[in-house]
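Residue indices begin at 1 and follow the sequence shown.
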Amino acid sequence: MKPVVAIVGRANVGKSALFNRLLGKQIAIVEDLPGTTRDRIFAETSLLEHDITLIDTGGLDPLPDSPITQKIKHQVEAAVAEADVIIFAADIQNGVIATDREIADILRKSHKPIVLAVNKADNARLESQINDFYQLGLGTPVAMSGLHGRGINDLIDRVVALLPQPQPAPTTEPEIPRLAIVGRPNAGKSLLLNAIVGEERAIVDPIPGTTRDAVDTTFQHHGQKMLLIDTAGIRRRGRSSSGIEYYSLIRSLRAINRCDIALLVIDAAEFITAQDIHIAGYIKEACKGMILIINKWDLVSRQSPEDYATQARQRIKFIAHVPILFVSAKLRQGVDKIVPTALQIWQERQKQLPDTVIDKLIKQAVHSNAPPRKGLKRLEVIRAYQNGINPPSFSFVVNDPNLVHFSYERYLENKLRQTFGFSGTSLRFLFKKAPPRRKLTKAGGRKK
């Protein structure tokens with residue numbers, strides 16, 4: 001399971017610039033959830049070859065005076081609760097202010113490892129003011145600039161040193177399919193778990209967000225042992241419900257990282273929301289298998305499954321390869337199709353094809369549809385082969401990986417799916433630059 005690193009701090013200290021700097025790319029801010037100033041942003045990345053989930057949070061006001069700032073505070077608290085390491089971002093140009101001290105007090109109570117990143121140290125003169133931040137009592141501060149990259153390597157070294165050690169994978173048990181039930185609060189995930197395993201394994205409550213801790217359930221299906229990961233658990237008393245959506249999204253991410261196939265549960269009555277799309281995007285980016293489960297179908301009476309599925313695929317176009325099942329976990333209708341469908345996807349993820357077959361198909365596809373070009377240079381696919389399973393992974397040796405356009409990558413993926421299936425699972429593509437060709441010398445030999 002990938003460690004979670006959360007960036008926390010008051011407003012306007014440059015958290016998003018730091019977030020983008022650590023990712024090495026710009027991530028768009030989305031404004032599509034009602035009643036939220038903006039979505040909190042998650043991304044998968046690597047720091048010194050350590051895979052992590054990085055979280056950008058909103059500006060924290062320890063004493064919120066509006067519903068919006070109160071909601072952001074709850075979201076930050078949820079991120080802190082899930083984080084393995086916290087980056088506390090401050091602003092060297094403003095110095096230490098009262099809000100920084102209050103946030104430092106809050107973070108100390110979390111008993112989580114904290115790295116104090118003092119941002120906007122854009123030059124040596126500003127960096128010299130770093131000593132002021134020792135008064136926060138969080139150890140040695142790191143002077144850095146998210147905008148210009150100054151001090152970023154020092155910050156990364158400090159964060160990586162605090163990451164939990166990865167747990168070795170058990171070798172005694174044979175590999176079994178791992179399914180994760182993910183989705184928004186109150187979509188019926190716990191009821192679905194109980195319906196799948198046929199007994200009460202998760203506490204069910206109509207209050208959104210009842211389930212907050214991951215619960216693993218092993219069960220047998222016609223002799224096949226399987227692991228079911230619920231983003232569920234026993235309700236924790238006293239936890240505010242205001243940050244539940246955010247907390248649920250973090251839980252879903254961690255479960256997705258651990259599974260082979262994600263069961264994305266949608267509330268049929270609410271259709272597909274922005275957060276549902278976000279979770280589906282994470283599943284695809286993680287190259288997992290997926291089933292879109294439309295739950296509470298008993299509450300929808302005026303629409304046919306075919307029409308609903310068509311609208312759903314238009315809403316989430318990037319997962320056209322994913323099967324859609326209509327179920328009622330409460331009435332246990334349609335639930336019997338879930339595990340057989342998941343096992344079919346599991347088999348698709350184990351599919352290994354001969355290199356010669358893959359190479360021939362891809363070269364035929366390239367011949368039928370010329371690759372893109374930039375200026376006078378055109379993409380050339382020299383060799384293609386499968387280099388892994390679960391997920392099915394393919395390598396393409398090309399003249400220049402920078403010439404690969406996402407639309408052409410999608411075209412090649414569609415050709416693979418049309419020929420070999422891979423229904424329900426994402427595919428992983430790697431485009432590698434071909435080694436330089438050695439030139440002939442005058443004597444007929446080759447230059448080394």
Side-chain angles (χ1 to χ4, degrees), residues 16-17 19-30 41 43-49 51 54 146-149 152-153 156 281-288 316-321 351-389 391-422 425-448:
S16 294
F19 178 81
N20 289 332
R21 175 65 63 176
L22 292 173
L23 291 182
K25 58 184 176 181
Q26 294 289 322
I27 300 293
I29 292 175
V30 183
I41 300 176
E44 307 296 321
T45 190
S46 294
L47 301 179
L48 300 180
E49 300 183 353
D51 293 334
L54 187 65
L147 185 61
H148 300 291
I152 288 295
N153 290 338
I156 291 173
Y282 295 134
I283 297 168
K284 187 176 188 301
E285 288 175 10
C287 291
K288 305 296 184 177
I316 317 184
K317 294 180 180 179
F318 59 87
I319 56 169
H321 60 279
K351 190 178 289 182
Q352 178 76 54
L353 302 168
D355 292 350
T356 53
V357 173
I358 296 296
D359 191 58
K360 181 179 179 181
L361 173 71
I362 294 301
K363 287 181 177 176
Q364 288 175 344
V366 170
H367 180 74
S368 301
N369 184 4
R373 67 162 69 236
K374 286 184 181 178
L376 298 177
K377 195 173 184 181
R378 184 184 293 279
L379 175 69
E380 180 184 355
V381 180
I382 299 165
R383 188 164 69 96
Y385 58 94
Q386 185 175 354
N387 66 341
I389 61 171
S393 304
F394 300 88
S395 289
F396 301 81
V397 180
V398 298
N399 57 332
D400 186 355
N402 294 322
L403 295 174
V404 181
H405 192 271
F406 77 90
S407 61
Y408 201 75
E409 181 175 343
R410 185 171 54 197
Y411 163 72
L412 296 177
E413 178 180 340
N414 289 339
K415 284 295 182 182
L416 282 168
R417 291 189 184 280
Q418 289 167 11
T419 307
F420 303 115
F422 296 116
T425 182
S426 297
L427 306 181
R428 178 173 288 156
F429 282 9
L430 174 64
F431 292 88
K432 303 190 295 185
K433 184 175 178 61
R437 295 171 180 171
R438 292 179 292 179
K439 296 180 180 179
L440 289 173
T441 66
K442 290 183 179 179
R446 290 187 179 272
K447 288 183 177 180
K448 295 183 178 180

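- Side-chain contact between L22 and T45 is absent, with no heavy atoms from C-beta onward closer than 4.5 Å.
- No donor-acceptor pair under 3.5 Å is formed between the side chain of K288 and the backbone N or O of T425.
- Applying the 6.0 Å contact sphere to NZ of K433 captures more than 12 heavy atoms from other residues, nucleotides or ligands.
- Side-chain contact check for S393 versus S395: every heavy-atom pair is 4.5 Å or farther apart.
- For R378 against A370, the heavy-atom pair with the smallest separation is NH1-CB, 3.6 Å.
- Taking F420 as the reference, nothing meets the ring pair (Phe, Tyr, Trp, His ring centres under 6.0 Å) condition, with sequence neighbours excluded.
- Sorted by first and then second residue, the side-chain hydrogen bond (donor to acceptor under 3.5 Å, both in side chains) pairs with a member in residues 362-374 read D359-K363; sequence neighbours excluded.
- In this structure, L361 CG and T356 OG1 are separated by 11.5 Å, a value rounded to the nearest 0.5 Å.
- With a 4.5 Å cut-off on side-chain heavy atoms, H405 and L379 do not count as touching.
- Atom CD of residue E413 and atom CZ of residue R410 lie 9.0 Å apart, to the nearest 0.5 angstrom.
- Looking only at side-chain heavy atoms (C-beta outward), F429 and V404 stay at 4.5 Å or farther from each other.
- In this structure, the ring pair (Phe, Tyr, Trp, His ring centres under 6.0 Å) partners of F422, at least two apart in sequence or on a different chain, are F394.
- Contact check for Q386 versus P392: side-chain heavy atoms found under the 4.5 Å cut-off.
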